[in-house]
Chemist: 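One structure is given below, represented as structure tokens, and several questions about it will come after.
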Amino acid sequence: MEDLSTRCIRIDPEYAPSVSYLSMIERGKRVPSVEMLTVIAQVFQKDLEWFLDGEEQQLDITPAKGSRGGIHGMALEPGFLFSNDILQIAIPEMLSQTGISGKQFAQLLIRAHQEHHQNHFPELERAAEEVGLKRMPLSVEDLLAIVKQLGLSVSWFDEAPKEVLDELGVFSKNVSTSFFLPPKTLHLNRILKNHPTRLKYELAVHIGHAVLHNKDGVKSGMSVGGAQEVVSSDSPDMAPQDILHAWRDFESSFFAGALLCPKMPFRQLLDRHGYEISSHQGAGVSASVAMRRMTAVSPYHHWHYFDAYTPGKLKAVYRGNGIPLPWGNMRKVEDPCQHWAVFRMFDVEGQQSSAQLSLLEVQGQPRIYCCESTKVLDLAGNAHVLCAGIDLNPAIDAQGMDADAMAQELKALCNSQGGAGKIPPAIKSTLSTVANILNINWVARSLEKPAQLICSRGNHCPRDPACYQRCGG
């Protein structure tokens, strides 16, 4: 109701309903005037008559959990093989044989938990709001004042970015940015003073650790760069604290986003600016923090987020809409799909943004995705690409249209035109309506460019001719 009231005020402040008036309408205690209903109708892109008695009930914009476009589990049968005792024996053995570190496995567990809950963690939101009092933007001085209130002291150290060989054999710059030493000392790299948005994020993360975990030492240090933490090859077993470290890192990071971008103020900011990436400037945070927060505060739940450091590596992933990874796993392969927007941006000169409408087959059925990608530089000087996107199928279905049939039509069109095709007027009209309802500007922008057929692996390329030559082909 708060979202709807805000949207109505933008259209016509005179006849826009307040939150309390909307509540009374919902409970049958008030009947909206024609003028007010006209404003509401514009938000939902419907004719006035659609709201009157006798109209067929439409689907809700947020379908029931379970139809999230790719998030599926497996039946754990026979059940006795998945008992705690057996899993505690089997998981370390599996990690040892596959070369996956305990920390990587812990991060996979947490990501699955995060995606299952579609990035909604009310208890962490409340904890952040109690500390930050829903203020936005928070300045560096505001955050340092909170640090002081929590009894923490700050010590600055000097360390320059250095070239390291990452896990894919590629050189990139890395730098340690901060760490906490109990009982109360927060160590910050002086380089952060030249990067205020990153400094605010790191302060917010450590505030989260102090609030949520009582300032104990079970918390990883923070760094910036293209390389992952080096894992010792002579110690393949999962350390007892791996999962606890990873979970506390996640909690502190989510808390930081909620502290810097409190849910309702940030949602209203995004709403005013149509979910443009540039909204991060109004919140006083980096594009990365803002794009990750979009997935948590939007009333539409079907989001994904990628942070790519090279065309073959993703450092951060969130898939609340179940979109497959661009090549099926988190490791570099020889045939990644070259048409994913998050990777196409590496070939773009300078730092700019790009919207793209994509068709991707998920479990044998094409789905319609839309995303906005932007190329940025991190504190260490590495270029990387941020990408936030949504699954449009649930929103299309909510308008009484057949999203599956529309996706099939677009896929056939793209195939007939070599893998990318101009969106037909009828489909463009429907998607424009959906873009207006969702109030996401880059969905509308993507309709002005050809839709792209993409895949999760080059050897499964749906284009004809295929992008990669198949063996023996």
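Heavy-atom basis, side chains included; hydrogens, waters and symmetry copies ignored. A quick note: this is a predicted structure, and the numbers were derived from the prediction, not measured.
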Chemist: Tell me yes or no: between the side chains of T177 and E202, is some donor less than 3.5 Å from an acceptor?
Modeler: yes
Chemist: Which label fits F157 and F179: parallel for a plane angle under 30°, tilted from 30 to 60°, or perpendicular past 60°?
Modeler: tilted
Chemist: If you apply the rule side-chain hydrogen bond (donor to acceptor under 3.5 Å, both in side chains), what do you find for H120 with E125, and how did you get there?
Modeler: CA-CA 9 Å; H120 286 76; E125 298 274 2; over 6 Å; no
Chemist: Quick test of your reading: applying salt bridge (charged side-chain N to carboxylate O under 4.0 Å, His left out), list the pairs with at least one residue in residues 420-438, sequence neighbours left out, ordered by first then second residue.
Modeler: K428-E448
Chemist: Tell me, please, which residues at least two apart from D347 pass side-chain hydrogen bond (donor to acceptor under 3.5 Å, both in side chains).
Modeler: none
Chemist: Determine, for R126 against E130, whether the closest basic-nitrogen to carboxylate-oxygen distance falls under 4.0 angstrom.
Modeler: no
Chemist: Answer yes or no on whether R293 is positioned over the face of F254, meaning its NZ or CZ is under 6.0 Å from the six-membered ring centre and within 45° of the axis.
Modeler: yes
Chemist: Which of parallel (below 30°), tilted (30 to 60°) and perpendicular (above 60°) describes H113 and F121?
Modeler: tilted
Chemist: Look at the aromatic rings of H304 and F306 and report parallel, tilted or perpendicular, splitting at 30° and 60°.
Modeler: tilted
Chemist: Compute both the distance and the angle, then confirm whether R445 meets the cation-pi test with Y275: under 6.0 Å from the six-membered ring centre, within 45 degrees of the axis.
Modeler: no
Chemist: Does a side chain donor of either D307 or H384 reach within less than 3.5 Å of an acceptor in the other side chain?
Modeler: yes
Chemist: Looking at every non-hydrogen atom in both residues, tell me the closest pair between D158 and N189 and how far apart they are.
Modeler: CA-OD1, 4.2 Å
